[in-house]
Amino acid sequence: MQKTLRDSAALRWLVLILISSLLFSTYWFYDFYGGIKGLMERGMGISSEEYGRIMSSTTYANVVGMIILGGIILDRWGIRLAGLVFGGLSFLGAIISAAAVAGWFGDDKSTMLIWSIVGRIIFGIGMEVVCVMVTRTIVKWFMGYEMALAMALNIGFGRLGTAMGMAVAPDLAAGGFISPAFSFAAILIGISLVFFIIYIFFDIKIDKQRAESGIVTEEEVDEEKFRFADFKKLITNRSFIYIALLCMVFYSAVFPLLAYAPDLLVNKYGFSYEMGSDGEFLIFGSAILGTAFIFVLLLIFGLSFSMVPRAFKSNTHKLLSFLVISTLFLGYVYVLRDVFSEWLLNGPKTASLIPMGTILFTPIFGSIVDKKGKAATLMMIGSALLVFAYLSLSVFNHVYLGYLGLISLGIAFSLVPAAMWPAVARIVAENRLGTAYGTMFTFQNWGLAAFFWGIGALLDFVNRYRLADIEAGLTNYDYTIPVLMLALLGVISAWLAYKLKQADKLQGYGLENPHTSN
Ligand SMILES: NCCCC[C@H](NC(=O)[C@@H](N)CCCCN)C(=O)O
């Protein structure tokens, strides 16, 4: 059979980098607000509820079915046009948001708020469909090759975007001017769109090659397509209902918390928002480049831990490679010990270590699920960890318990997605996966809409008699009740994972069994 571009490993990985840049930049824009919540409140004169409203607006179009409509458009138009249009929408939304905070539409609070919401709504439409489009592109290039690894790396790029966005945004907003943090994040999406345009040349070429050699073209591959008949079947399947509800409840307890985590650490434990000079690692005199370098090295270590030892067949080589990477990692931590000890007292930097940790843990848990199974049980454990994390971060007041809570949150945030997404592929036939993802993301956005806003609204409500003092910097927000509410979501998640385990026993999808193919 005639070879195509995807038969070259180098080209496949190049394609992965080109398209993952879109995930990196859109996750960055999605999550960097968390790193500057306090600065946004002061800069724009908004309350926590209004901040929550801006975050929640990302989901507004998606809660009424935009992801499903986007999926159908993706089916009709294909990767190239849909990618340009939805990537373009996320860029447009980001530009509008940046213009809003820069005061281009007017510098009074309500104008800035309204245009920030308009920007986030448009960004949210583009971002979620980009997520589905990128998954589809990975299937197109990696089917029959290293698909699971490519997907894990792809999410890793997204998490790196989240972590760096949260950590770097306060440096970009130095002096309390939030506008540069927005412009920078918007420009990143623009750059990733250029990468996507470069990808388009490869996409055209491979489609040509596939047509010439009689391999099915993208339009003919219907594995990932959305179909209403499939949708009806899915929402009457017990196991799917439980896993989709779990996706909604679990992510509602995690993504919205990330948008408040730096502020929580600042208000509860007295961490800083802006970094002192001791915590700055300068490259060419720039703290931003220095932070980016530290994160890229963390990513490289995370990926090396999860990929290098498993590439060797003999246990001795596995152990040896693990020891070499561990030694290098310890050296890296030792050299940067002063920087890291400052970071652990800074809200945005500490919170950014949660998504960073998932880059290390998600592939590890993924391979445990592959080898040992127990997917539903691991989802129960992950949800229980969430309960522990949120109890530690709410009712208790000790900073070390707080760190332990953050570590548990990071493990839960790795464990549940690592078990959940492959489990969907077991419950749902391959030709219904596109429909399943679209449906789950829509459910997820319902939960996110409620909790992005709900945490902020509850925060203002429980602190209603102290808001003037908080604004004047005389006292801090009390986060106890909002975080306790998230612990309840952890309990519901654990119950849903348990119901999933029971439903799976009846329906026999084998979620608790190892992946025999691996
Ligand atoms: N192949 C499916 C992977 C889903 C990964 C998942 N992404 C989402 O849930 C997106 N709908 C929302 C991303 C929001 C970014 N803060 C994930 O775990 O990231």
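Just so you know, these numbers use all the heavy atoms, side chains as well, and skip hydrogens, waters and symmetry mates. First listed ligand is number 1; within each ligand, the first listed atom is number 1.
Ion pairing of Lys499 with Asp504 is absent here, as no side-chain N (NZ or NE/NH1/NH2) approaches a carboxylate O to less than 4.0 Å.
Nearest protein neighbour of atom 5 (C) of ligand 1, counting heavy atoms only, is Ile155 CD1, 3.9 Å. For atom 16 (N) of ligand 1, the nearest non-hydrogen atom of the protein is Asp31 OD2, 2.9 Å.
Distances between N or O atoms of Gln444 and those of ligand 1 include at least one value under 3.5 Å.
Taking the six-membered ring for Trp and thresholds of 30 and 60 degrees, Tyr30 and Phe255 have ring planes inclined between 30 and 60 degrees apart. In this pair, Tyr479 and Tyr477 present their aromatic rings perpendicular. The plane angle is above 60°, beyond the 30 to 60° band.
At a 4.0 Å cut-off, at least one heavy atom of Arg159 sits close enough to ligand 1 to count as contact.
By the 6.0 Å contact criterion, CH2 on Trp343 is enclosed, its count of non-hydrogen atoms from other residues, nucleotides or ligands being greater than 12.
Per-residue contacts place Glu128 under 4.0 angstrom from the following atoms of ligand 1 (heavy atoms of the residue considered): 10 (C), 11 (N), 12 (C). Heavy-atom proximity to Tyr251, at under 4.0 Å, picks out these atoms of ligand 1: 6 (C), 17 (C), 18 (O).
For atom 15 (C) of ligand 1, the nearest non-hydrogen atom from the set Tyr27, Tyr437, Phe29 belongs to Tyr27.
When the side chain to side chain donor-acceptor pair (under 3.5 Å) test is applied to Thr58, the partners found at least two apart in sequence or on another chain are Arg120. The side chain to side chain donor-acceptor pair (under 3.5 Å) check on Ser192 picks up Ser25, with sequence neighbours excluded.
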